[in-house]
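By convention here, the first residue in the shown sequence is residue 1. FYI, side chains are in, hydrogens and waters are out, and symmetry mates aren't considered; it's all heavy atoms of this structure.
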Amino acid sequence: MHSSAIFLIEFGAVILGLGLLGRLAGRFQFSPIPLYLLAGLAFGEGGLLPLGASEEFVAIGAEIGVILLLLMLGLEYTASDLVSNLKTQYPAGLVDAALNALPGAIMALLLGWGPVAAVVLAGVTWISSSGVIAKVLGDLGRLGNRETPVILSILVLEDLAMAVYLPIVTALLAGAGLAAGSVTLAIALGAAGLVLFLAVRYGRHISRFVSSDDPEKLLLVVLGLTLLVAGIAQQLQVSAAVGAFLVGIALSGEVAEGTHHLLSPLRDLFAAVFFVFFGLHTDPASIPPVLLPAMTLAVLTAGTKIATGYWAARRAGISGRGRWRAGGTLVARGEFSIVIAGLAVTAGIEPSLGPLATAYVLILVILGPLTARWTEPVAGRVTARLAARREPADAAAVEGGGDGAAEGPREAVDDPDAVGRRS
């Protein structure tokens, strides 16, 4: 009875604290993820007040949080959207992977962590935070801008890549050999392909089977189906997260909208628990030694993400200002990076990987909304100054050569890509 009371007190205090931190983040209009991570650091090993009785329950809640994060992400896309994005935007996905995964892999190798840790850290630096970016786009009123579909396409391709990447990481962390790893990857690709085929061909029938006018029944069926598929996927060494993501893709129409509405509060609760849980397993004293590599990676991969967005938007015919906005918006890292690092921490691959990932995400989840807001204005001012410096030289050359007046580049007054509310 005594241990039960302690559990309720501890867990209640954690949830209450998360609610207050979320309210604080909302007041200052930034993502609550860094505050949740800091809360985990405070209550974990080496923190101010380590948890005891409720830690096992928090671990289970964290696993459910990952599953719900991926389910809700899958609900955002239909199978036809995914297929269309694969056909039209795959070059942007390849550039994204090359520019942003390689710095993480190289850093791990330079630190002497080995090839498995290199694959893990490559994923940490590669994947942008869909949740943070979606919130930033809404807050800045850019959902209707022309560059926004380019941003979302890159995020979709990253999410699809996770269906391949996570099984590979899972097999590597489990120490599986080449044959076992190949079987795991084949199963994952086969399952993903089968789900996409069924969703495209029979999506309406699946949604009709799950659909219910009673919110209670809809919640139970979808949540039960998701946990069941996630459990089967994990049993097959594929990844529970991938299983949940595929369930989300298979649901569409009113069922997807209703499920999104019903599960959003649960997703927010358990996702917050997940971030706290990750922080619980990171000793605050282990962060300072990896702070320099984390800051180096953050600065480097912020630049590579901006370059990725700029290139992809340019390829789509977006104007200069929209290209900079696309690049700056993609900088934030968050939930996926922590999910990937969490797998490595659980497997005990490299003790310093968890602290480095925590510091890295803390930096970029704070920096991301700032780059989304200020990359385009700063780039515009720099471009205008460079143009102003060139104008006198061009004028002198024209006067000397007598070729007539040449007009230097001017900053556009109107922004054709900002079709939404201007930020």
Which pair of heavy atoms, one from T371 and one from G328, lies closest together, and at what distance?
OG1-O, 2.8 Å
Under 3.5 Å: donor-acceptor pair, side chain of T125, backbone of A122
yes
Tell me the closest heavy-atom pair linking I151 and A326, and the distance in Å.
CD1-CA, 3.8 Å
Tabulate below the donor-acceptor pairs under 3.5 Å that side-chain atoms of residues 263-273 make, not counting sequence neighbours, or state none.
residue	atom	partner	partner atom	Å
S264	OG	H260	O	2.5
S264	OG	H260	ND1	3.4

Walk me through whether T259 and V210 qualify under side chain to side chain contact (heavy atoms under 4.5 Å, CB included).
CA-CA 10 Å; T259 301; V210 174; 5.7 Å; no
Answer yes or no: are there more than 12 heavy-atom neighbours, outside E158 itself, under 6.0 Å from its atom CD?
yes
Distance in Å, M295 CE paired with L362 CG, rounded so as to fall on 0.5 Å steps
12.5 Å
With rounding to the nearest 0.5 Å, note down the distance linking CG in L16 to CG in L21.
9.5 Å
How far does CD1 of I306 sit from OG1 of T301, to the nearest 0.5 angstrom?
10.0 Å
To the nearest 0.5 angstrom, please state how far the CG atom of L38 sits from the OG1 atom of T358.
9.5 Å
Determine the minimum heavy-atom distance between N145 and E147, stating which atoms define it.
ND2-OE2, 3.0 Å
Within this structure, what is the CH2-CG distance for the pair W113 and L356, rounded to the nearest 0.5 Å?
4.5 Å
Under 3.5 Å, which donor-acceptor pairs do the side chains of residues 64-75 form with other protein atoms, sequence neighbours left out?
none

Evaluate the criterion side chain to side chain contact (heavy atoms under 4.5 Å, CB included) for residue pair V119 and Y165; output intermediate values, then yes/no.
CA-CA 9 Å; V119 174; Y165 173 82; 4.0 Å; yes
Test salt bridge (charged side-chain N to carboxylate O under 4.0 Å, His left out) applied to E376 and R142, R321, R323, the passing residue
R321
Can you give me every donor-acceptor pair (side chain of residues 96-109, partner residue at least two apart or in another chain, under 3.5 Å) with its distance?
residue	atom	partner	partner atom	Å
D96	OD1	N100	ND2	2.8
D96	OD1	K305	NZ	2.8
D96	OD2	W126	NE1	3.4
N100	OD1	T304	OG1	2.6
N100	OD1	K305	N	3.3
N100	ND2	D96	O	2.9
N100	ND2	T308	OG1	3.2

Could you check V120 against L343 for side chain to side chain contact (heavy atoms under 4.5 Å, CB included), going step by step and ending with a plain yes or no?
CA-CA 9 Å; V120 173; L343 294 173; over 6 Å; no
Identify the two heavy atoms, one from V331 and one from G368, that lie closest to each other, and give their separation to 0.1 Å.
CG1-CA, 4.1 Å
In terms of heavy-atom contacts, L218 and S211 come closest through CD1-CA, 4.4 Å
Determine whether more than 12 heavy atoms belonging to other residues, nucleotides or ligands lie under 6.0 Å from atom CG of D213.
no
Distance in Å, S128 OG paired with I154 CD1, rounded so as to fall on 0.5 Å steps
8.0 Å
Smallest separation among heavy atoms of K217 and D214, with atom names:
NZ-OD2, 3.0 Å
